Amino acid sequence: MRKILSLALVIALLCGILSACANNSGSNNGNNSSGETGQNETGNSSDPIKIGLPAPLSGSSGAIGETLVNAAQLAVDEWNAAGGVHGRQIELLVEDDEMTASKAVTVVNKLVYQDGVDAIIGCLNSTACLAAQEITNKAGMIQMALGSNQTITELGHQYVFRMQANDLYQAAAVVQYVVDTLGYEKVACIYSSDDFGTGGINVVQEEMAERGLELVACEAFDPEASDVTSQLTTIKEAEPEAVIMWCMYQAGALICKQMNQMGMGDTPKFGGGGLVNNALYELAGETAAGVCMTQLFFPSAEVANEKGKKFIADYEAAYGVSPDNNSGMVYDATWVLLTAMQNAPETMTADEIKEELHKLEYDGVSGHLTFTETGDVVRDLTIVRLTEDGNYEIAYNPNAQ
């Protein structure tokens with residue numbers, strides 16, 4: 001009988017330990033790690049605030065990722081030096097999303113459910129961003145989206161706030177400049193067949209139609225393509241006055257080089273913010289000279305606002321290189337997120353941070369911004385031109401009109 005009682009006592013103790021372990025395993029810095037929909041909280045007041053940053057750190061887009069990380073870390077360092085948020089230090093956790101949806105899903109799941117981050121900044125690629133926000137919305141977590149595809153803020157995901165001007169704003173600004181300001185009517189378009197490219201071309205077509213015009217040629221290409229001569233042949237036969245490229249800078253460099261090889265180098269070329277990167281000129285050289293692009297942040301101390309001037313100087317001092325347009329956007333995204341957290345109660349639930357983001361009017365390095373009810377950013381856009389020596393100059397500033 002004594003042996004039976006002892007065995008029963010051991011079993012009871014084991015059950016209690018297992019039950020406690022099961023209860024503790026669900027605690028992940030306040031995150032809902034079960035995978036069920038729930039609102040994220042920021043954990044204990046003594047814990048660091050963890051910000052996840054999925055960014056392209058390898059492959060053809062690796063140059064972009066480094067600028068995103070540098071800018072976010074600079075902002076985090078500034079906040080930590082000033083005492084953090086509600087007295088808590090901030091920690092930046094970075095993962096390589098390779099600018100693909102599949103990898104974005106993997107790394108964002110890791111950041112949310114394994115690393116226990118309190119918010120996400122990213123992804124830059126629209127396809128990756130759309131995949132990631134399914135995870136953050138289900139987890140009840142704030143995501144400062146960087147993609148431009150219009151759909152990002154049209155899915156009803158209440159915790160997604162976009163920092164990038166969406167394709168509607170960017171494409172509309174390009175068409176306005178090409179058609180209304182410059183007077184071109186015979187316009188062709190070449191675009192990448194991913195969410196970024198298709199989102200842009202749809203708006204370009206709509207904006208042209210509103211002006212009673214149609215694209216004289218409209219050609220899609222795989223974003224990983226190494227040859228677009230067949231698409232450019234069709235475009236050349238249409239004899240356009242201008243070509244709109246809706247793609248990232250790597251593909252833009254390829255298009256510029258191959259247009260030049262095909263005797264189309266003098267055809268004016270235009271595009272969105274995905275083209276704005278120092279690597280565009282590094283890859284395409286003078287064949288990219290003259291390309292005009294939409295711009296959120298113009299990394300030039302000569303035309304930047306006071307915050308922008310300080311950011312450029314601090315970035316160059318910290319990293320030994322100049323920032324790019326994405327640097328300014330991510331720097332502002334980090335400041336916007338941390339400002340909303342600071343303005344929220346110390347509990348900093350996702351709903352409390354969301355409420356502060358909706359109320360926020362922020363003047364950053366990339367200018368004044370607010371958010372719509374759906375989380376879309378409202379901001380002005382300028383058009384910049386790449387010069388023959390690889391620098392940028394203002395081509396069109398709507399605020400100066």
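Numbers for residues simply follow the sequence, beginning at 1. Bear in mind the structure is a predicted one, so any value in this text is a computation, not a measurement.
Of the possible polar contacts, none joining the D324 side chain to the N277 backbone as a donor-acceptor pair under 3.5 Å is found. Between the side chain of Q295 and the backbone N or O of V276 there is no donor-acceptor pair closer than 3.5 Å. Of the possible polar contacts, none joining the Q176 side chain to the A172 backbone as a donor-acceptor pair under 3.5 Å is found. A side-chain donor-acceptor contact under 3.5 Å links S126 to the backbone of S148. Put simply, the side chain of K236 gets close to the backbone of M262: a donor and an acceptor are under 3.5 Å apart. Without hydrogens or angle criteria, Q89 side chain to P48 main chain gives no donor-acceptor distance under 3.5 Å. Looking only at distances, no side-chain donor or acceptor of Q164 sits under 3.5 Å from a matching main-chain atom of N166. Side chain of T294 to backbone of G273: a donor-acceptor contact under 3.5 angstrom is found. Of the possible donor and acceptor atoms, one in the side chain of Q258 sits under 3.5 Å from a partner among the backbone N and O of V228. With hydrogens and angles disregarded, no donor-acceptor distance shorter than 3.5 Å links the side chain of R162 to the backbone of G375.
Counted within 6.0 Å of CD on E239, heavy atoms from surrounding residues, nucleotides or ligands total 12 or fewer; the atom is thus considered open. For CG of D266, the number of neighbouring non-hydrogen atoms (other residues, nucleotides, ligands) closer than 6.0 Å is 12 at most. Heavy atoms from other residues, nucleotides or ligands lying under 6.0 Å from CD of E154 number more than 12. For E210, the CD atom sits in a packed shell: over 12 heavy atoms of surrounding residues, nucleotides or ligands are nearer than 6.0 Å.
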Trace of the side chain to side chain donor-acceptor pair (under 3.5 Å) decision for S366 with D332: CA-CA 7 Å; S366 57; D332 276 350; 2.5 Å; yes

If you apply the rule side chain to side chain contact (heavy atoms under 4.5 Å, CB included), what do you find for L338 with M341, and how did you get there? CA-CA 5 Å; L338 297 178; M341 285 181 160; 4.0 Å; yes

What do the steps show when you test K50 against D115 for side chain to side chain contact (heavy atoms under 4.5 Å, CB included), and what is the final call? CA-CA 8 Å; K50 297 181 180 180; D115 298 331; 5.6 Å; no

Could you go step by step and tell me if M99 and I64 meet the side chain to side chain contact (heavy atoms under 4.5 Å, CB included) rule? CA-CA 10 Å; M99 230 170 190; I64 298 178; 4.1 Å; yes

Where do Q143 and I135 land on the side chain to side chain contact (heavy atoms under 4.5 Å, CB included) test, with the steps shown first? CA-CA 10 Å; Q143 178 182 349; I135 300 165; over 6 Å; no

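Between the CD atom in Q73 and the CD1 atom in I51 there is a gap of 11.5 Å [rounded to 0.5 Å]. For the atom pair CG of D195 and SG of C129, the computed distance is 10.0 Å after rounding to the nearest 0.5 Å. Rounded to the nearest 0.5 angstrom, E91 CD and D118 CG are separated by 10.0 Å. For the atom pair CD (E185) and CG (L213), the distance works out to 5.5 Å, reported to the nearest 0.5 Å. Note: I201 CD1 to C189 SG = 3.0 Å, rounded to the nearest 0.5 Å. Here E393 contributes atom CD and R385 contributes atom CZ; the two are 5.0 Å apart, rounded to the nearest 0.5 Å.
Side-chain contact check for D376 and T153: at least one donor-acceptor pair (N or O, by modelled atom type) lies under 3.5 Å. Defined by atom type and a distance below 3.5 Å, a donor-acceptor pair is present between the side-chain atoms of E78 and W335. Side chains of E361 and T370: no donor on one and acceptor on the other come within 3.5 Å. In this structure, a donor-acceptor pair under 3.5 Å is absent between the side chains of N70 and T67. T372 and T374 form a side-chain donor-acceptor contact under 3.5 Å, judged by distance and modelled atom types alone. A side-chain donor from one of S58 and D96 sits under 3.5 Å from a side-chain acceptor of the other. Under 3.5 Å, the side chains of D351 and Y159 contain a donor-acceptor pair of N or O atoms.
T106 has its side chain out of reach of E95: every pair of non-hydrogen atoms, C-beta onward, lies at least 4.5 Å apart. The closest side-chain heavy-atom distance from M163 to F371 is below 4.5 Å. Considering only heavy atoms from C-beta on, N326 comes within 4.5 Å of M329 through its side chain. Side-chain contact between C218 and Y191: present, with at least one pair of heavy atoms (C-beta onward) separated by less than 4.5 Å. Taking the side chain as every heavy atom from C-beta outward, Q342 and W79 approach each other to under 4.5 Å. The closest side-chain heavy-atom distance from M259 to T287 is not below 4.5 Å. Under the 4.5 Å side-chain criterion, counting only non-hydrogen atoms from C-beta, M144 is in contact with L357. Put simply, the side chain of Y184 does not reach to within 4.5 Å of the side chain of V243, judged on heavy atoms.
Only one option out of V174, V187, I244 pairs with V204 in a side-chain contact (heavy atoms from CB on, under 4.5 Å); it is I244.
With respect to the salt-bridge test (charged N to carboxylate O, under 4.0 angstrom), the residues E207 and R211 qualify.
Residues L68 and L53 share a closest heavy-atom pair of O-CD2, 3.9 Å. Contact between A145 and I152 at its shortest, heavy atoms only, is CB-CG2, 4.0 Å. Shortest non-hydrogen contact noted between Y249 and A279 is CE1-CB, 3.3 Å. Residues C247 and G252 come closest through the heavy atom pair SG-N, 3.7 Å. Counting all heavy atoms, side chain and backbone alike, C256 lies closest to K269 at SG-CE, 4.0 Å. Contact detail for A72 and V330: the closest heavy-atom pair is CB-CG1, 3.9 Å.
In this structure, Y331 and F311 have tilted ring planes: the angle between them lies in the 30° to 60° band.
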